[in-house]
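Report on the following structure.
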Amino acid sequence: MGESCVKLIGTWTSPFVLRTQIGLGMKRVQYEFIEEKYGPKSNLLLKSNPVHKKVPVLIHEDKPIPESLAILQYIDEVWASSGPSILSPHPFDRSVDRFWATYIDQKMSSIIGGLAIKPGKDGKEATIEQFKRGIMLLERTFNERSKEKGKAFFGGNEIGFIDIVFGSLLGCIKVSQLRHGLQLFDPITAPLLAHWAERFEQHPLVSPHVPDTLKLAEFAEYRFIHDKD
């Protein structure tokens with residue numbers, strides 16, 4: 001498959017871009033990274049993702065694939081024979097993977113992103129409670145899967161779809177903790193996820209792409225100021 005024809009439009013700050021980088025790394029796909037600067041959208045991005053106008057966009061053989069969940073599934077199918085599977089090979093487990101990935105994107109990512117960017121107190125307590133409820137659901141899910149499989153990740157011995165989707169948000173969680181002075185990812189109430197998070201970020205496919213927390217916090221502050229203009 002033409003790996004030299006693979007390009008990724010993204011930013012170093014985006015957890016959704018991080019997902020794509022990890023997925024490409026799992027499949028050992030070589031690609032060109034095209035940095036999208038914060039500010040006016042580039043013509044390439046607008047042409048490649050005219051609906052949402054957001055990163056990431058994977059371009060393979062001049063065909064654009066937007067949206068991180070769709071990209072991960074595309075990578076898994078196109079490079080099926082290269083590297084470990086991203087989604088479970090079993091149909092039922094694959095449906096579970098997709099369910100929790102959708103839950104994380106629809107319920108958790110907006111909560112985490114809002115806490116990371118907004119330093120104010122308006123509605124913070126209610127938002128944090130929503131986050132904690134979501135964490136407890138994922139803690140229970142990980143407990144069930146790890147008991148069943150006895151493995152270190154949602155995906156088993158290796159990281160998989162849920163690991164990538166949720167793990168990509170850990171940087172934003174750390175920034176949220178800095179901004180609000182709170183322990184959002186509590187090792188006492190969610191010990192399994194706390195240890196999972198350490199393993200995930202130390203994984204050799206993940207660690208090269210994990211953004212520095214302080215630099216990410218500086219960018220969040222920059223966004224908070226400039227998005228109000």
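All values below come from the heavy atoms of this structure, side chains included, with hydrogens, waters and symmetry mates left out. Please read all numbers here as calculations on a predicted model, not as lab measurements.
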Subject >> With K215 via side-chain contact (heavy atoms from CB on, under 4.5 Å) - residues at least two apart >> reply: W12, D212
Original post:
Which pair of heavy atoms, one from I104 and one from I162, lies closest together, and at what distance?
Top reply: CD1-CG2, 4.1 Å
Original post:
Between S68 and R19, which heavy-atom pair has the shortest distance, and what is it?
Top reply: OG-NH1, 2.9 Å
Subject >> 4.5 Å side-chain heavy-atom contact, P56 and L8 >> reply: yes
**OP:** Look at the side chain of R94 and the backbone N and O of L87, then say whether any donor-acceptor pair between them is shorter than 3.5 Å.
**Re:** no
Original post:
Does some side-chain heavy atom of V55 sit less than 4.5 Å from a side-chain heavy atom of F16?
Top reply: no
Subject >> side chain to side chain donor-acceptor pair (under 3.5 Å) pairs, two or more places apart, involving residues 190-200 >> reply: D163-W196
Original post:
With a cutoff of under 4.5 Å between side-chain heavy atoms, which Ile, Leu, Val, Met, Phe, Trp and Tyr residues group with L214?
Top reply: L178
Subject >> SB check R145 D97 (cutoff 4.0 Å) >> reply: yes
**OP:** List for me each residue that meets ring pair (Phe, Tyr, Trp, His ring centres under 6.0 Å) alongside F219, sequence neighbours excluded, and say none if there are none.
**Re:** Y38
**OP:** Scan for salt bridge (Lys or Arg N to Asp or Glu O under 4.0 Å) pairs involving residues 67-77, sequence neighbours excluded, and state none if there are none.
**Re:** K27-D76
Original post:
Would a line drawn from the ring center of F153 to the ring center of F200 be shorter than 6.0 Å?
Top reply: no
Original post:
Given the rule that I, L, V, M, F, W and Y join up when any side-chain heavy atoms are under 4.5 Å apart, are I188 and L138 in one cluster?
Top reply: no
**OP:** Please check if any side-chain donor atom of Y31 sits under 3.5 Å from a side-chain acceptor atom of H60, or the reverse.
**Re:** no
Original post:
Do the side chains of D62 and C5 get nearer than 4.5 Å, heavy atoms only?
Top reply: no
Subject >> Where at least one partner belongs to residues 34-46, residue pairs that pass salt bridge (Lys or Arg N to Asp or Glu O under 4.0 Å), sequence neighbours excluded >> reply: none
**OP:** Would you indicate whether the side-chain heavy atoms of D105 and L69 approach each other to under 4.5 Å?
**Re:** yes
Original post:
Do the side chains of V29 and V17 join up, straight or via other hydrophobic residues, at under 4.5 Å, putting them in one cluster?
Top reply: yes
Original post:
So if you build clusters from Ile, Leu, Val, Met, Phe, Trp, Tyr with side-chain heavy-atom gaps below 4.5 Å, do L193 and M136 land together?
Top reply: no
**OP:** Taking the side chain as every heavy atom from C-beta outward, state whether T20 and F33 have any pair of such atoms under 4.5 Å apart.
**Re:** no
Original post:
Does F99 belong to the same Ile/Leu/Val/Met/Phe/Trp/Tyr cluster as F92, with side-chain heavy atoms less than 4.5 Å apart forming each link?
Top reply: yes
Subject >> Note, S48 side chain near I59 side chain (heavy atom, < 4.5 Å) >> reply: yes
**OP:** Please answer whether the main-chain N or O of W79 pairs with a side-chain N or O of S82 as donor and acceptor at a distance below 3.5 Å.
**Re:** no
